[in-house]
Amino acid sequence: MAHQQQYIHGRYHASTSGEHFETINPATGEVIATVEHAGQAELDAAVESAKQGQKVWAAMKPC
């Protein structure tokens, strides 16, 4: 079974919350992976990354 960390700004980060949950396939009831709960530090980092990314996307010209 896979264990998934937070993916923020192009890198995986261990959660500061220390908590996780199981992701379950609804068709079979099988546990697919455990996923870490985001802590406040991960939420703040994700928001900052999104702000930076938005500036890059906004500056792009349409194809």
Side-chain angles (χ1 to χ4, degrees):
M1 172 175 36
H3 180 82
Q4 299 297 314
Q5 294 181 322
Q6 308 298 315
Y7 190 75
I8 304 168
H9 207 70
R11 296 190 344 236
Y12 287 99
H13 297 265
S15 174
T16 58
S17 76
E19 299 177 29
H20 67 276
F21 62 93
E22 295 180 336
T23 300
I24 299 173
N25 180 335
T28 65
E30 175 186 12
V31 176
I32 299 170
T34 59
V35 181
E36 294 183 358
H37 276 281
Q40 189 62 50
E42 292 81 48
L43 294 172
D44 293 342
V47 168
E48 185 57 35
S49 178
K51 287 178 182 178
Q52 292 175 20
Q54 192 281 330
K55 292 176 185 176
V56 173
W57 280 85
M60 295 176 120
K61 305 238 186 273
C63 296

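In this structure, the side chain to side chain contact (heavy atoms under 4.5 Å, CB included) partners of Ala45, at least two apart in sequence or on a different chain, are Ile8. For Glu48, the side chain to side chain contact (heavy atoms under 4.5 Å, CB included) criterion is met by Lys51, Gln52, not counting sequence neighbours.
Of the possible donor and acceptor atoms, one in the side chain of Gln6 sits under 3.5 Å from a partner among the backbone N and O of Glu36.
With a 4.5 Å cut-off between side-chain heavy atoms of Ile, Leu, Val, Met, Phe, Trp and Tyr, the cluster of Tyr12 takes in Tyr7. As a member of the Ile/Leu/Val/Met/Phe/Trp/Tyr network built from side-chain separations under 4.5 Å, Val47 groups with nothing else and remains a singleton.
Here ring pair (Phe, Tyr, Trp, His ring centres under 6.0 Å) pairs that include residues 21-51, with residues two or more places apart or in two chains, are Phe21-His37.
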Side chains of residues 22-34: which donor-acceptor partners sit under 3.5 Å, not counting sequence neighbours?
{"from": "Asn25", "atom 1": "OD1", "to": "Ala27", "atom 2": "N", "distance (Å)": "2.8"}
{"from": "Thr28", "atom 1": "OG1", "to": "Glu30", "atom 2": "N", "distance (Å)": "3.1"}
{"from": "Thr34", "atom 1": "OG1", "to": "His3", "atom 2": "ND1", "distance (Å)": "2.7"}

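Between the side chains of Gln40 and Thr16, no donor-acceptor pair of N or O atoms lies under 3.5 Å.
When all heavy atoms of Ser15 and Gly39 are compared, the closest pair comes out as OG-N, 3.7 Å. For the pair Ala14 and Glu42, the tightest heavy-atom approach, listed with the atom from each and the gap, is O-OE2, 3.5 Å.
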